[in-house]
Participant: 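First the structure, which I've put down as structure tokens, then a few questions once you've had a look.
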Amino acid sequence: MIKAVRGTRDLLPPETALWNFVESAARDVFRAYNFQEIRTPIFEETQLFARSVGEETDIVSKEMYTWEDGGGSADQELLDAWLRTHFREVTKLVQPQEFPTAGRSQRTRYGPSVQVEWNGSWTLVRARYGAKNQDLRHLVQHGNAWREMHGGKPVSLLLVTARGSVPEAFTTIARTMGIVVDELELRVEAPQFLTLRPENTAGVVRAYIEHNLENRGLNKLFYIGPQFRRERPQKGRYRQFYQIGAEIIGPRHSGSDKPLRDAEILEMLDTLLRRLGIRNPTLHLNSVGCAADRAVYNEALRAALAPVVIQMCADCQRRAVTNPLRVFDCKVPGDQPIIEKLPLIKNYLDKDCQEHFDNVKALLRAAGVSFIPNDRLVRGLDYYSRTAFEFTHGALGAQNAILGGGRYDGLSESLGGPPAPGIGFAMGEDRLVLALQDQTPTILGGPDAFIAPIGEGMNREAIKLAKELREKKVIVELGDRSFRLKKLLETASKVGARYAIIVGEDETNADIFKVKDLITGEQISVPRAELPQKLQSGRSQGRSS
RNA sequence: GUGGGAGUAGCUCAACUGGCAGAGCACCGGACUGUGGCUCCGGUUGUUGCGGGUUCGAUUCCCGUCUCCCACCCCA
């Protein structure tokens with residue numbers, strides 16, 4: 001039997017009613033704040049996410065669905081031929097899996113890579129279809145490890161590019177590291193590397209740049225849709241998951257960088273969560289400063305950790321090296337005294353960032369939105385700056401965060417666009433629905449009426465009547481006369497119809513139908529013209545469809 | 001990716017140390033051929049997740065694998 005693949009699932013009625021409830025409440029609220037919908041493609045060029053989310057983040061390095069689209073095979077042949085010509089004395093080939101930097105990140109490779117040993121020196125051959133800054137960053141970060149792996153032998157880098165153009169700066173910096181860069185231009189069609197979107201902000205910013213949305217001034221955009229991450233599934237965490245998010249983005253002169261926008265979006269979220277009926281939504285708020293502040297802070301944090309890290313738990317020792325900010329997430333009691341003495345980002349904010357943060361807080365107080373300043377709140381994605389926030393709700397333990405977001409003032413530039421400060425959030429719809437299910441039972445309305453035709457030819461009358469009623473916005477389920485009346489009424493109550501309409505020969509001739517109330521059991525006769533009004537009067541208030 | 005738990009009817013779950021695979025709910029038919037719910041009678045519930053092994057015999061024991069759940073990693 002074919003089953004839904006791991007980490008994906010079907011959303012079935014009646015649960016889908018709850019999803020629709022959440023989405024329409026969100027649309028309503030967004031409308032009131034003048035947000036408009038944007039729909040971006042479900043897959044994008046891999047580079048978009050690598051550059052915005054951050055190449056070294058877990059999302060990009062191991063959790064994306066990436067594949068090669070088009071091209072590819074022909075250039076691999078050319079590359080093989082080139083290798084045979086230029087490395088006649090090839091002594092060893094190292095497959096990508098064996099690279100020192102490979103491991104988990106290999107899943108997101110950008111092109112065929114192979115290492116060749118020749119005359120006692122090593123060459124890393126990477127076909128990356130146009131060397132960009134990512135290659136350089138990668139080289140700087142891993143160049144030394146790479147050399148060490150080969151016992152200090154000389155190493156060189158051969159970039160195989162489909163479109164030529166290795167930036168000069170790239171070659172220069174590589175040379176200072178003792179790495180020689182050669183370039184081979186293959187005139188073949190380059191394959192594209194595509195990725196199912198792991199989040200939607202990058203796509204929105206890409207669209208902003210591509211369509212010059214800066215000309216519209218301040219853009220207030222929202223999206224609702226599926227995202228994809230190749231994580232280990234867990235409750236409320238799926239490989240295809242749904243996010244509802246919104247962004248305020250625009251050129252600086254539109255005021256998109258102002259604290260007012262931070263406050264507006266946070267107040268909107270508070271309103272939305274309350275509208276949805278989330279109990280005790282709690283806003284955790286912090287400022288992570290700008291890029292420069294964070295670099296300084298990161299160093300300070302590393303310096304502070306260095307002497308004490310040895311006393312901490314194994315996880316923290318690892319975090320201290322890979323991602324010091326995450327040390328703050330540690331829950332081991334023994335580590336807490338150490339963590340409490342670590343430097344906090346708030347002491348490293350420059351004047352503008354501090355002022356921005358103070359303003360946001362003042363505006364929130366004015367708007368009556370309560371919040372908890374949280375010095376330890378950090379965001380994992382590279383593009384965040386200044387305001388960072390998270391909403392949690394009372395229950396649900398470790399997974400009580402239902403949305404997160406923040407400001408991303410430099411993102412557009414890093415994607416090659418104009419300056420476009422922005423702030424946004426993304427809400428995990430799966431978890432939100434889960435939380436709502438915990439606190440309220442699903443309500444699903446049945447049809448207003450069930451038409452029960454009895455006797456020869458009555459199906460024709462029934463379908464006619466059904467069309468007539470449906471045009472008048474009556475929700476109608478249609479029965480089939482080949483079943484006995486007993487069966488029809490049974491079905492009518494099973495589907496949750498409020499009324500059953502009996503359509504027989506006598507009724508049709510007189511144009512007066514018997515209408516049975518399936519809750520009270522009462523039965524009355526209603527002239528055809530009065531049917532719509534009578535049937536709709538039975539609607540209960542809890543009806544959600 | 002790591003560690004732990006669980007997979008038996010559509011659903012919720014039984015089956016003592018290895019001995020004919022069961023109950024409730026739901027579903028279908030009838031009692032009742034133009035009047036549902038209640039009641040009564042009858043019926044199907046099935047590759048015990050999948051594959052292999054041990055055994056006269058495996059839902060049960062062993063190995064592999066898949067999926068889900070929980071925790072970790074990480075995180076909107």
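This structure is a prediction, so every number in the text was calculated from the model and none was measured. Below, chains carry the letters A, B, ... as their sequence lines are ordered, and counting in each starts from 1.
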Participant: Taking any heavy-atom pair under 4.0 Å as a contact, classify G521(A): base, sugar-phosphate, or nothing.
Facilitator: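 Result for G521(A) = base.
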Participant: So what does D517(A) hit on the nucleic acid, given a heavy-atom distance under 4.0 Å: a base, only sugar-phosphate, or nothing?
Facilitator: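 If one applies the 4.0 Å heavy-atom cut-off, D517(A) turns out to touch a base.
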Participant: Give E507(A) one of three labels, base, sugar-phosphate or nothing, depending on what nucleic acid heavy atoms sit under 4.0 Å from its own.
Facilitator: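 Touches a base.
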Participant: Choose from C74(B), C28(B), G1(B) the nucleotide whose nearest atom is closest to any side-chain atom of R237(A).
Facilitator: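 Looking only at side-chain atoms, R237(A) lies closest to C74(B).
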Participant: Set out, in order, the CA-CA distance, both residues' side-chain angles and the distance that settles salt bridge (Lys or Arg N to Asp or Glu O under 4.0 Å) for E477(A) and K494(A), then state yes or no.
Facilitator: CA-CA 11 Å; E477(A) 185 52 88; K494(A) 206 183 309 180; over 6 Å; no
Participant: Under 4.0 Å between a Lys/Arg side-chain N and an Asp/Glu carboxylate O for R498(A) and D448(A)?
Facilitator: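 No, R498(A) and D448(A) are not salt-bridged.
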Participant: Ignoring the backbone of K235(A), work out which of G34(B), C70(B), G36(B) is nearest its side chain.
Facilitator: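 So the nucleotide nearest the side chain must be C70(B).
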Participant: Could you tell me whether R206(A) and E45(A) make a salt bridge, using a distance below 4.0 angstrom between a side-chain N and a carboxylate O?
Facilitator: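 Here R206(A) does not pair with E45(A) in a salt bridge, since their nearest N and O are not under 4.0 Å apart.
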Participant: What nucleic acid atoms does Q227(A) come within less than 4.0 Å of, heavy atoms only: base, sugar-phosphate, or nothing?
Facilitator: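 No contact.
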Participant: State which of A31(B), C28(B), G36(B) makes the closest approach to the side chain of S493(A).
Facilitator: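 Nearest listed nucleotide: G36(B).
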Participant: At under 4.0 Å between heavy atoms, what does K494(A) touch on the DNA or RNA strands: base, sugar-phosphate, or nothing?
Facilitator: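 Contact class for K494(A): sugar-phosphate only.
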Participant: Taking only nitrogen or oxygen atoms into account, show me every contact under 3.5 Å that the protein makes with nucleotides 42-46 of chain B, one pair per line with its distance.
Facilitator:
none

Participant: So which pairs with a foot in residues 479-521 of chain A pass ring-ring contact (aromatic ring centres under 6.0 Å, His included), sequence neighbours left out?
Facilitator: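 Listed by first then second residue: nothing to list.
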Participant: Identify which nucleotide among U67(B), G36(B), G29(B) has an atom closest to any side-chain atom of R6(A), counting heavy atoms from C-beta outward.
Facilitator: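 The answer is U67(B), which lies nearest to the side chain.
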Participant: Regarding L403(A), tell me which of base, sugar-phosphate or nothing describes its non-hydrogen contacts under 4.0 Å with the strands shown.
Facilitator: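 Counting heavy atoms under 4.0 Å across all strands, no contact is made by L403(A).
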Participant: Which nucleotide sits closest to the side chain of P233(A): G36(B), C69(B), G34(B)?
Facilitator: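 In terms of side-chain proximity for P233(A), the closest of G36(B), C69(B), G34(B) is C69(B).
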Participant: Report the nucleotide, chosen from U35(B), C74(B), C28(B), that has the shortest atom-to-atom distance to any side-chain atom of E231(A).
Facilitator: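 Given the options U35(B), C74(B), C28(B), the side chain of E231(A) is closest to C74(B).
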Participant: Select one nucleotide: of C73(B), G34(B), U67(B), the one nearest the side-chain heavy atoms of Q234(A).
Facilitator: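 Of C73(B), G34(B), U67(B), C73(B) is nearest to the side chain of Q234(A).
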Participant: RNA chain B: stems of at least 3 consecutive Watson-Crick or G-U pairs, cut-off 3.5 Å?
Facilitator: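 If one scans RNA chain B for consecutive Watson-Crick or G-U pairs, the stems found are B:1-7 with B:66-72, B:10-13 with B:22-25, B:27-31 with B:39-43, B:49-53 with B:61-65.
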Participant: When all nucleic acid strands are considered with a 4.0 Å heavy-atom cut-off, which category describes L488(A): base, sugar-phosphate, or nothing?
Facilitator: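 Counting heavy atoms under 4.0 Å across all strands, no contact is made by L488(A).
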Participant: I would like to know whether D430(A) and R9(A) meet salt bridge (Lys or Arg N to Asp or Glu O under 4.0 Å); could you show each step before the answer?
Facilitator: CA-CA 11 Å; D430(A) 302 78; R9(A) 60 186 178 146; 2.7 Å; yes
Participant: Assign G428(A) to base, sugar-phosphate, or nothing according to its heavy-atom contacts below 4.0 angstrom with the strands shown.
Facilitator: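 Base, at least one base atom sits under 4.0 Å.
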Participant: How far, in whole Å, is A21(B) from C16(B) if one measures between their C1' atoms?
Facilitator: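 Here C16(B) and A21(B) have their C1' atoms 16 Å from each other.
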Participant: Just to be sure I understand the rule, does I519(A) reach a base, reach only the sugar-phosphate, or reach nothing, if contact means heavy atoms closer than 4.0 Å?
Facilitator: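 Base contact.
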Participant: Identify whether any heavy atom of G7(A) sits under 4.0 Å from a base atom; if not, whether one sits that close to sugar-phosphate; answer base, sugar-phosphate or nothing.
Facilitator: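 It contacts sugar-phosphate atoms only.
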